[in-house]
Amino acid sequence: QVQLVESGGGLVQAGGSLRLSCAASGSIFSIRAMGWYRQAPGKQREVVATITRLGSVSYADDVKGRFTISRDNANRTVYLQMNSLEPEDTAVYYCNAAVNYNDYWGQGTQVTVSS
């Protein structure tokens, strides 16, 4: 009964920016944490950034200083501001949320960075 819907992906040139959004809806009692993961062609899914209900954030080493994660608790939405994008950032980006006592995943949004 919980759904996550990502938006904001698209095409961008190297050095450009994108902002991803993930909105949670459904039977939600508590969102304990939310995060962004990505999967590039031929690679395993990897964590990009996470934020807990208390505001603690973490980032993958290769996005530190370029990406910023934030959460709107009232609107049940998490954002990922991506700056200085590189072709290596090209991937499908997935939203994850620890809702109630379960994990949920969005369907992903494609981010393509051209050189």
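- The closest donor-acceptor contact from the side chain of Asn100 to the backbone of Ser30 lies under 3.5 Å.
- In this structure, Lys64 and Tyr59 approach most closely via the heavy-atom pair CE-O, 3.4 Å.
- Linking ILVMFWY residues whenever their side-chain heavy atoms come closer than 4.5 Å, directly or via other members, leaves Val63 and Val92 in distinct clusters.
- Residues Asp62 and Glu46 approach most closely at OD2-OE2, 4.4 Å, considering heavy atoms.
- Put simply, the side chain of Asn102 never gets that close to the backbone of Val99: no donor and acceptor are under 3.5 Å apart.
- Both Tyr94 and Val47 belong to a single network of hydrophobic side chains, linked directly or stepwise wherever heavy atoms of I, L, V, M, F, W or Y lie under 4.5 Å apart.
- Taking 4.5 Å as the limit, every side-chain heavy atom of Arg76 sits out of range of all side-chain heavy atoms of Met34.
- Once rounded to the nearest 0.5 Å, the distance linking OG of Ser21 with CG of Leu80 reads 9.5 Å.
- The aromatic ring centres of Tyr37 and Trp105 sit less than 6.0 Å apart.
- A 4.5 Å side-chain heavy-atom check between Arg71 and Tyr79 finds every atom pair outside the cut-off.
- Glu6 and Cys95 make their closest contact through OE2-N, 2.9 Å (heavy atoms, listed as atom of the first residue, atom of the second, distance).
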Worked check of side-chain hydrogen bond (donor to acceptor under 3.5 Å, both in side chains) between Asp72 and Thr77:
CA-CA 5 Å; Asp72 185 332; Thr77 303; over 6 Å; no
One pair to check against side chain to side chain contact (heavy atoms under 4.5 Å, CB included): Trp36 and Thr50. What are the steps and the verdict?
CA-CA 6 Å; Trp36 289 96; Thr50 61; over 6 Å; no
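- The heavy-atom pair separating Phe67 from Arg38 by the smallest distance is CE2-NH1, 4.0 Å.
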Passes side chain to side chain contact (heavy atoms under 4.5 Å, CB included), Gln39 versus Tyr93? Steps please.
CA-CA 7 Å; Gln39 187 166 19; Tyr93 284 70; over 6 Å; no
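- What you find for Tyr104 and Leu4 is that their closest heavy atoms are O-CD1, 3.2 Å.
- Summarising the local packing, CD of Gln81 is surrounded by more than 12 heavy atoms from other residues, nucleotides or ligands at distances under 6.0 Å.
- To the nearest 0.5 Å, atoms NZ (Lys43) and CZ (Arg45) are separated by 15.0 Å.
- Taking every heavy atom of both residues into account, Leu18 and Leu85 meet most closely at N-CD1, 3.8 Å.
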Donor-acceptor pairs are to be reported for all side-chain atoms of residues 106-115 against protein atoms at under 3.5 Å, with residues two or more places apart or in another chain.
residue	atom	partner	partner atom	Å
Thr109	OG1	Gly9	N	3.3
Gln110	NE2	Ala91	O	3.4
Gln110	NE2	Thr112	OG1	3.3

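- Residues Ile31 and Arg53 have side chains not in contact (no heavy-atom distance under 4.5 Å, counting atoms from C-beta outward).
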